[in-house]
Number of protein chains: 2
Amino acid sequence: MATGHIPEATVARLPVYLRSLTELAAAGDATTSSDVLAERAGVNPAKVRKDLSYLGTHGTRGVGYDVRHLTFEVSRALGVANTWPVVVCGLGNLGRALAKHTGFTERGFPVVAAVDIDPAITGTTVDDVPVHSPDQIAELVAAHGVAIGVIATPGNAAQETADLLVAAGVRSILDFSSTVVTVPDHVEVRTVDLSTELQILGFHLHQDLPPEVGKTP
Amino acid sequence: MATGHIPEATVARLPVYLRSLTELAAAGDATTSSDVLAERAGVNPAKVRKDLSYLGTHGTRGVGYDVRHLTFEVSRALGVANTWPVVVCGLGNLGRALAKHTGFTERGFPVVAAVDIDPAITGTTVDDVPVHSPDQIAELVAAHGVAIGVIATPGNAAQETADLLVAAGVRSILDFSSTVVTVPDHVEVRTVDLSTELQILGFHLHQDLPPEVGKTP
DNA sequence: GTGCGCTTGTGAAAACGTTCACGAATTCCG
DNA sequence: CGGAATTCGTGAACGTTTTCACAAGCGCAC
Ligand SMILES: NC(=O)c1ccc[n+]([C@@H]2O[C@H](COP(=O)([O-])OP(=O)(O)OC[C@H]3O[C@@H](n4cnc5c(N)ncnc54)[C@H](O)[C@@H]3O)[C@@H](O)[C@H]2O)c1
Ligand SMILES: NC(=O)c1ccc[n+]([C@@H]2O[C@H](COP(=O)([O-])OP(=O)(O)OC[C@H]3O[C@@H](n4cnc5c(N)ncnc54)[C@H](O)[C@@H]3O)[C@@H](O)[C@H]2O)c1
């Protein structure tokens with residue numbers, strides 16, 4: 001067993017389990033079960049057990065999981081002991097919200113700097129986050145050891161921003177810009193597209209109910 | 001064939017294709033191919049063809065796809081002709097960014113109202129979006145025909161907000177609160193958890209490189 | 001110590017999603 | 001007109017993810 005390869009789908013759920021474990025610990029529970037974790041995470045209990053089994057054998061049959069120990073193991077698998085500094089690119093409505101959010105720092109992702117093309121805001125700070133101009137990305141990344149870049153610029157500036165981040169040595173990008181950015185293989189991009197999320201909800205609303213009059217019956 | 005059941009994974013990609021098609025049309029292209037669409041969407045060409053085949057047979061062998069016609073078909077499948085009014089709950093950093101975002105309205109998801117518990121901002125407007133108190137959710141939903149609720153409150157208010165939305169008749173929820181909310185079967189919830197996204201990126205950073213010597217250096 | 005009830009860990013099956021590979025339809029050109 | 005070049009549509013192979021189902025291990029009662 002040991003900690004071999006962990007499936008992507010499992011990795012995406014580990015943070016949810018970790019949050020549940022933290023809550024359970026705060027509530028004073030010393031042990032828990034796959035049923036309880038499943039309930040809190042909104043998934044199937046068998047899935048919880050299989051997911052956790054990829055981290056090794058950390059439960060006790062007939063008893064369940066020790067909350068403290070499992071918290072430690074999930075944390076280790078996720079590597080939450082590390083701190084990964086983040087730079088936010090594009091300080092508009094969304095970038096500002098991200099820069100002000102305190103939850104990221106708590107989880108090991110401090111926003112150490114922001115970048116914007118607007119000369120009216122470069123040189124200022126937003127909640128202690130200094131705002132620089134895009135041509136300083138390389139320096140910022142080097143100075144703070146930034147590994148993750150967040151793109152919150154308009155879509156038409158997304159690719160060039162990604163290029164700057166990649167050239168500066170960033171290895172992970174979180175892209176909010178509703179565009180598909182192209183990067184070298186060694187860089188991972190995750191896209192969060194809020195319009196698409198709404199469109200998916202819209203699709204199901206549209207499907208569920210209306211017989212859609214006027215088409216061919 | 002016809003428009004039977006469309007797989008979830010395909011539905012999630014249709015908005016991306018639609019965006020590409022819009023850009024191609026704007027660039028003056030009358031026809032396109034699965035290769036071009038795949039390139040723009042960042043996926044495999046075979047996947048594009050399979051996805052589109054769920055909507056019916058709309059391409060021409062040896063030629064490709066007519067941009068206008070395909071745009072129409074994808075739009076129809078997604079139901080983008082519909083307008084689904086949205087109410088944003090919790091007008092903090094994130095809620096404010098969402099309320100101010102103009103892109104949602106353009107795609108058929110106008111933010112018609114916001115809701116916040118803070119009496120200092122209820123009664124005001126944010127970019128023409130009126131801010132009400134949570135006990136008015138039911139009226140707002142009824143008055144505007146709201147089908148989608150966005151939860152941007154702190155985590156500890158998420159479940160009660162979801163309950164209010166559900167009671168008011170909302171059928172879809174987009175939840176940013178990093179909590180798992182429980183709703184009846186007929187309500188769909190999509191969760192967007194930005195911390196989790198960062199943690200997934202962090203996991204891969206952590207995995208890729210470090211042999212993780214001992215413990216603390 | 002034996003039995004009973006509980007909960008994990010995990011093979012195996014089922015469901016789902018992706019990719020391949022190729023036949024079919026179309027255009028173009030000589 | 002015949003053949004080469006395209007490009008779609010799709011069955012089948014492949015890979016991943018979810019779910020099932022049950023043996024194995026543990027604690028407790030007696
Ligand atoms: N605000 C939202 O709720 C929301 C929702 C969905 C998607 N988005 C997407 O997120 C992105 C940002 O949205 P927003 O509402 O914050 O937009 P915005 O227009 O408010 O802000 C964009 C910011 O990026 C800066 N910028 C422009 N070009 C730049 C460059 N080359 N380098 C660095 N900075 C640059 C601008 O000066 C501006 O401050 C957009 O792509 C938008 O489509 C936003
Ligand atoms: N800001 C971000 O970039 C960001 C990033 C990741 C996650 N989130 C999550 O999104 C949510 C909102 O984040 P934020 O930064 O906007 O927080 P915030 O504290 O700035 O805003 C929260 C708002 O919700 C309001 N509120 C509280 N209880 C309410 C209730 N019962 N009904 C209606 N409104 C209520 C508050 O008055 C406040 O205006 C949080 O759950 C946060 O964890 C935010």
Side-chain angles (χ1 to χ4, degrees), chain A residues 1-17 20-21 24 29-71 73-74 77 180 200 203-204, chain B residues 1-17 20-21 24 29-71 73-74 77 180 200 203-204:
Chain A
M1 306 299 106
T3 308
H5 174 254
I6 304 179
E8 259 324 285
T10 296
V11 172
R13 282 186 295 268
L14 290 180
V16 183
Y17 300 148
S20 300
L21 286 167
L24 288 169
D29 292 15
T31 70
T32 189
S33 68
S34 58
D35 274 24
V36 169
L37 286 171
E39 161 87 29
R40 296 198 164 238
V43 301
N44 183 304
K47 188 149 42 180
V48 172
R49 293 200 296 277
K50 184 145 286 245
D51 283 342
L52 295 179
S53 77
Y54 291 115
L55 313 188
T57 297
H58 301 300
T60 309
R61 294 169 194 228
V63 179
Y65 299 94
D66 180 83
V67 172
R68 274 175 54 85
H69 180 230
L70 190 58
T71 302
E73 292 296 341
V74 175
V180 177
I200 294 170
F203 170 81
H204 290 128
Chain B
M1 307 295 110
T3 308
H5 173 254
I6 305 180
E8 259 323 285
T10 295
V11 172
R13 282 187 295 265
L14 290 180
V16 182
Y17 300 148
S20 299
L21 286 167
L24 288 168
D29 292 15
T31 69
T32 189
S33 68
S34 57
D35 274 25
V36 170
L37 286 171
E39 161 88 29
R40 294 196 165 240
V43 301
N44 182 302
K47 188 146 50 178
V48 172
R49 293 200 296 277
K50 190 153 277 262
D51 282 342
L52 295 178
S53 77
Y54 291 114
L55 314 187
T57 298
H58 302 299
T60 309
R61 295 167 194 226
V63 180
Y65 299 95
D66 181 83
V67 172
R68 275 174 53 85
H69 179 231
L70 191 58
T71 301
E73 292 296 341
V74 175
V180 177
I200 295 169
F203 170 82
H204 290 128

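Sequence lines set the chain letters: A, B, ... in the order given, protein chains first and strands last, and positions in each chain run from 1.
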A.B. asks: Side-chain contact test, heavy atoms from C-beta onward, threshold under 4.5 Å: evaluate it for R40(A) versus L24(A) and give yes or no.
C.D. replies: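 R40(A) reaches L24(A) side chain to side chain.
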
A.B. asks: If you define the side chain from C-beta out and look only at heavy atoms, does anything of D29(B) sit under 4.5 Å from V36(B)?
C.D. replies: no

A.B. asks: Taking atom C1' of dT10(C) as reference, at what distance in whole Å does atom CG of L55(A) sit?
C.D. replies: 15 Å

A.B. asks: Taking only side-chain nitrogens and oxygens of S34(A), does any of them come within less than 4.0 Å of OP1 or OP2 of dT8(C)?
C.D. replies: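 Result: yes.
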
A.B. asks: Is I6(B) close to F203(A) at the side-chain level, that is, under 4.5 Å between some pair of heavy atoms?
C.D. replies: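 Of all side-chain heavy-atom pairs linking I6(B) with F203(A), at least one is under 4.5 Å.
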
A.B. asks: For the residue pair H58(A) and D66(A), establish whether any side-chain heavy-atom pair is separated by less than 4.5 Å.
C.D. replies: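 Side chain of H58(A) against side chain of D66(A), heavy atoms only: no contact under 4.5 Å found.
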
A.B. asks: Provide, to the nearest angstrom, the distance between the OH atom belonging to Y54(A) and the P atom belonging to dT16(D).
C.D. replies: 11 Å

A.B. asks: Would you tell me if any nitrogen or oxygen in the side chain of R13(B) comes within less than 4.0 Å of OP1 or OP2 on dT18(C)?
C.D. replies: yes

A.B. asks: Nearest to the side chain of T57(A) - dT10(D), dG17(C), dG9(C)?
C.D. replies: dG9(C)

A.B. asks: Expressed in angstrom and rounded to an integer, what is the separation of I6(B) atom CD1 from dC16(C) atom P?
C.D. replies: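 One finds 16 Å between P of dC16(C) and CD1 of I6(B), rounded.
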
A.B. asks: Write down the distance between NE2 (H69(B)) and P (dC8(D)), rounded to a whole number of angstrom.
C.D. replies: 15 Å

A.B. asks: Given that V63(B) and T10(A) both sit by DNA chain D, which one's nearest nucleotide is further toward the 5' end?
C.D. replies: V63(B)

A.B. asks: Grab the NE2-C1' distance between H58(B) and dT10(D) for me, whole Å please.
C.D. replies: 15 Å

A.B. asks: Heavy-atom nearest nucleotide on DNA chain C for R49(A) versus G62(A): which residue maps closer to 5'?
C.D. replies: G62(A)

A.B. asks: Of the listed nucleotides (dG17(C), dG11(C), dT7(C)), which one gets closest to any side-chain atom of A9(B)?
C.D. replies: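 Of all the options, the side chain of A9(B) is nearest to dG17(C).
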
A.B. asks: Round to a whole Å and report the spacing from CG of D51(B) to P of dT18(C).
C.D. replies: 7 Å

A.B. asks: Taking the side chain of E8(B) as its heavy atoms from C-beta onward, which of dT27(C), dG9(C), dG17(C) lies nearest to it?
C.D. replies: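 Selected nucleotide (nearest to the side chain): dG17(C).
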
A.B. asks: Write down the distance between CG (D66(B)) and P (dC8(D)), rounded to a whole number of angstrom.
C.D. replies: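 So the two atoms are 13 Å apart, to the nearest Å.
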
A.B. asks: Kindly state which residues belonging to residues 35-48 of chain A come within less than 4.0 angstrom of DNA chain D, counting heavy atoms of the residue only, listed by number.
C.D. replies: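 By residue number: N44(A), A46(A), K47(A).
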
A.B. asks: Please determine whether a side-chain nitrogen or oxygen atom of Y65(B) lies at a distance below 4.0 Å from atom OP1 or OP2 of dT6(D).
C.D. replies: no

A.B. asks: What is the distance, rounded to the nearest whole Å, between atom NZ of K50(A) and atom P of dG11(C)?
C.D. replies: 7 Å

A.B. asks: In terms of heavy-atom contacts, does CD of E39(A) have more than 12 from other residues, nucleotides or ligands at under 6.0 Å?
C.D. replies: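 Counting other residues, nucleotides and ligands, CD of E39(A) stays at 12 neighbours or fewer.
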
A.B. asks: Of the nucleotides dT19(D), dT7(C), dC8(D), which one has an atom closest to the side chain of R61(B)?
C.D. replies: dC8(D)

A.B. asks: Determine whether L21(B) and Y65(B) make a side-chain contact, defined as any pair of heavy atoms from C-beta on separated by less than 4.5 Å.
C.D. replies: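 Result no, sub-4.5 Å side-chain heavy-atom pair not found.
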
A.B. asks: Where do L70(B) and L37(B) land on the side chain to side chain contact (heavy atoms under 4.5 Å, CB included) test, with the steps shown first?
C.D. replies: CA-CA 11 Å; L70(B) 191 58; L37(B) 286 171; 4.0 Å; yes

A.B. asks: It should be established whether T60(A) places a side-chain nitrogen or oxygen under 4.0 Å from OP1 or OP2 of nucleotide dC26(D).
C.D. replies: no

A.B. asks: I'd like to check V43(B) versus D51(B) (side-chain heavy atoms, cut-off strictly below 4.5 Å). Are they in contact?
C.D. replies: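 Side-chain contact under 4.5 Å: no.
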
